[in-house]
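Here the structure comes first, spelled out in structure tokens, and everything after it is commentary.
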Amino acid sequence: MTLKVGIIGTGWFSKVHADLLAAMDDVQVQAVCGSSKEKGEEMANPYGAAGYGDTTEMLDAENLDAVYICVPPHSHGAIERSIIRRGIPFFIEKPLGASTVIPASLLEDIKERQLLTSVGYHFRYQDNITRLKELLREDKVGMIVGQWMGSMPGVAWWRNQEQSGGQFTEQTTHIVDLLRYLGGEVTEVYGMFGNRVVHEQHDNVSVSDVGTVSLKLESGIVANISNTCVLPGEVSRVGLSFYNDRGLLDWNPERLLEVRSGDSTEHANSGDPYLKESEAFLHAVRTGDRSRILCDYEDGYKTLKVTCAAYDSAESGLPVKL
């Protein structure tokens, strides 16, 4: 059976997903919806798909088996509601919103319908994260330290706190999600953010460009995740490190470093996590077997709650208990 898939959004990530889907034997990119009909048609044409500028129009016109949602954080809400109402399984890119308000309401509807969902926390599907999860079973972790240090994306919405939710919610969310996936649930968050550089270099910047967040986990682990977007484009550091009495496990998107007493092993990353997450989702659409999906909407919402709590904490100057 060939699955007919619709894509909402015409940005870079939409094309990443569309290319992977188009290369699958039993999947057809059926329709693309953009912020205008022209944008929808422009992206749809290479895939032989229909282009739309309105979500409802696309969903009414096409008989879709699944939908991929790849839109900026502030664009969520009406799109999901129209899909949920029709009971169509959907894959959604992170984060689920710029704040928790709309996603909390959507989650209620999703749970009520037991709708099949998947969230694009692709690092969970990386071979080295699977390896790291296994290694951590044998360790009693003391502390976890993570970072997302990079430059500021060029799109206007990203620089607007209300539209993007800020770097910690829009970008560093990947590190927060891995912290939860590998270390367990977060119970308390204390955040500090500042404006050092980018607001002097660019107009209309309301996001903080430096920040650090301390987190307590249910297990007793203490963690810290920091981020910045002040670096020049060619400089970056992204990763997560686990410290315990047996040594250090240090992950970044390219490799996993295992350091034990007098010994170290490096594992280069292999495989395509974007492909794996799509295969898991589409397998569930076909068979009803959700076991290969590593992050559904409810799980992704828990990560959003942590990132938003960091900003609430920074605003009040007090820790936030979850």
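- Within 6.0 Å of the CG atom in N63, the count of heavy atoms belonging to other residues, nucleotides or ligands does not exceed 12.
- Residues V213 and A310 share a closest heavy-atom pair of CG2-CB, 3.8 Å.
- V141 is connected to V306 through a chain of hydrophobic side-chain contacts under 4.5 Å among Ile, Leu, Val, Met, Phe, Trp and Tyr, so both are in one cluster.
- For the pair N160 and S206, the tightest heavy-atom approach, listed with the atom from each and the gap, is CA-OG, 3.4 Å.
- Scored by the side chain to side chain contact (heavy atoms under 4.5 Å, CB included) test, D54 finds T56, E57 as partners (sequence neighbours excluded).
- Annotation: the span from L182 atom CG to F242 atom CZ amounts to 4.5 Å, rounded to 0.5 Å.
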Verdict with supporting geometry, L257 and N252, side-chain contact (heavy atoms from CB on, under 4.5 Å)
CA-CA 9 Å; L257 181 64; N252 69 37; over 6 Å; no
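- Surrounding CD of E112 are at most 12 heavy atoms belonging to other residues, nucleotides or ligands under 6.0 Å away.
- Looking at residues two or more places apart in sequence or on another chain, you find a side chain to side chain contact (heavy atoms under 4.5 Å, CB included) between T169 and P95, L304, T307, C308, Y311.
- For R237, the CZ atom sits in a loose shell: 12 or fewer heavy atoms of surrounding residues, nucleotides or ligands are nearer than 6.0 Å.
- Under the 4.5 Å side-chain criterion, counting only non-hydrogen atoms from C-beta, L294 is in contact with Y181.
- In the displayed structure, K216 atom NZ is contacted under 6.0 Å by at most 12 heavy atoms of other residues, nucleotides or ligands.
- A salt bridge does not link K302 to E298: none of the charged side-chain nitrogens sits closer than 4.0 Å to a carboxylate oxygen.
- Contact detail for N227 and T172: the closest heavy-atom pair is OD1-OG1, 2.7 Å.
- Contact record, C33 with G53: SG-C, 3.9 Å, taken as the closest heavy-atom pair.
- Pairs passing the ring pair (Phe, Tyr, Trp, His ring centres under 6.0 Å) check and including a residue from residues 122-151, sequence neighbours excluded, read H122-H174, H122-Y274, F123-H174, F123-W251, W148-H174.
- Shown here are the salt bridge (Lys or Arg N to Asp or Glu O under 4.0 Å) partners of K39, two or more places apart in sequence or in another chain: there are none.
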Anything under 3.5 Å between a donor and an acceptor, one on a side chain of residues 14-22, the other on a protein residue two or more places apart or in another chain? List them.
unit_1: S14; atom_1: OG; unit_2: G9; atom_2: O; d: 2.8
unit_1: K15; atom_1: NZ; unit_2: T10; atom_2: O; d: 2.9
unit_1: H17; atom_1: NE2; unit_2: E93; atom_2: OE2; d: 2.7
unit_1: D19; atom_1: OD1; unit_2: Y47; atom_2: OH; d: 2.6

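- Applying the salt bridge (charged side-chain N to carboxylate O under 4.0 Å, His left out) definition to pairs two or more places apart or across chains, those involving residues 274-285 are D127-K276.
- The shortest non-hydrogen separation linking F193 to S208 is CB-OG, 3.4 Å.
- Contact of the Y301 side chain with the L106 side chain is not registered, since no non-hydrogen atoms from C-beta on lie closer than 4.5 Å.
- For the side chain to side chain donor-acceptor pair (under 3.5 Å) test, no residue two or more places apart in sequence or in another chain qualifies with N195.
- Taking S164 as the reference, nothing meets the side chain to side chain donor-acceptor pair (under 3.5 Å) condition, with sequence neighbours excluded.
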Derivation of the side chain to side chain donor-acceptor pair (under 3.5 Å) call for S226 and N224:
CA-CA 7 Å; S226 298; N224 176 269; 3.1 Å; yes
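- Annotation: K321, atom NZ; neighbour count of heavy atoms from other residues, nucleotides and ligands within 6.0 Å does not exceed 12.
- Taking 4.5 Å as the limit, every side-chain heavy atom of E188 sits out of range of all side-chain heavy atoms of L215.
- I144 has its side chain out of reach of S241: every pair of non-hydrogen atoms, C-beta onward, lies at least 4.5 Å apart.
- Note on Y121: it does not cluster hydrophobically with L116, by side-chain heavy-atom contacts below 4.5 Å among ILVMFWY residues.
- Expressed to the nearest 0.5 Å, how far CD of E134 lies from CG of L132 amounts to 10.0 Å.
- Formation of a donor-acceptor pair under 3.5 Å by the Q161 side chain with backbone atoms of G165 is found in this model.
- Counting heavy-atom neighbours within 6.0 Å of E266 CD, excluding the residue itself, gives a total above 12.
- R113 contributes a side-chain N or O that, together with a main-chain N or O of I84, makes up a donor-acceptor pair within less than 3.5 Å.
- Atom CE of M58 and atom CG of D60 lie 10.5 Å apart (nearest 0.5 Å).
- Residue pairs satisfying the salt bridge (charged side-chain N to carboxylate O under 4.0 Å, His left out) criterion with at least one member in residues 139-157, sequence neighbours excluded, are listed as follows: D139-R246, D139-R260.
- Using a cut-off of 4.0 Å between Lys/Arg side-chain N and Asp/Glu carboxylate O, K111 and D296 are scored as not salt-bridged.
- Shown here are the side chain to side chain donor-acceptor pair (under 3.5 Å) partners of T187, two or more places apart in sequence or in another chain: there are none.
- Proximity of a side-chain donor or acceptor of N128 to a complementary backbone N or O of H267 within less than 3.5 Å is detected.
- Atom CD of Q114 has 12 or fewer neighbouring heavy atoms from other residues, nucleotides or ligands inside a 6.0 Å radius.
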For S105 and R81, run side chain to side chain donor-acceptor pair (under 3.5 Å): C-alpha distance rounded to whole Å, both residues' side-chain angles, the deciding distance at 0.1 Å, then the answer.
CA-CA 10 Å; S105 161; R81 285 191 206 290; 3.2 Å; yes
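- Side-chain contact between I7 and M43 is present, with at least one heavy-atom pair separated by less than 4.5 Å.
- In this structure a side-chain-to-backbone donor-acceptor pair under 3.5 Å is missing from E41 to Y52.
- A single hydrophobic cluster is not seen to contain both V222 and Y190; linkage of ILVMFWY side chains at heavy-atom distances under 4.5 Å, directly or through other members, places them apart.
- Screening residues 160-185 for salt bridge (charged side-chain N to carboxylate O under 4.0 Å, His left out) gives K94-E170, R124-D177, D177-R180, R180-E185, R180-D299 as the qualifying pairs, with residues at least two apart or on separate chains.
- Using a 4.5 Å cut-off on side-chain heavy atoms (C-beta onward), V5 and V29 make no contact.
- Across P153 and Q171, no two heavy atoms sit closer than the pair CG-NE2, 3.8 Å.
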What side-chain donor-acceptor pairs closer than 3.5 Å can you find for residues 64-74, not counting sequence neighbours?
unit_1: D65; atom_1: OD2; unit_2: K4; atom_2: N; d: 2.7
unit_1: Y68; atom_1: OH; unit_2: S278; atom_2: OG; d: 2.7
unit_1: H74; atom_1: ND1; unit_2: Q163; atom_2: O; d: 3.4

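- Within the 4.5 Å cutoff, side-chain heavy atoms of F90 are placed close to those of I110.
- Counting only heavy atoms from C-beta outward, the side chains of I92 and Y297 approach each other to under 4.5 Å.
- Using a 4.0 Å cut-off between charged nitrogen and carboxylate oxygen, D250 and R255 count as a salt-bridge pair.
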Test side chain to side chain donor-acceptor pair (under 3.5 Å) on D209 and T228 and set out the steps.
CA-CA 5 Å; D209 60 7; T228 185; 5.5 Å; no
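- I221 is connected to V189 through a chain of hydrophobic side-chain contacts under 4.5 Å among Ile, Leu, Val, Met, Phe, Trp and Tyr, so both are in one cluster.
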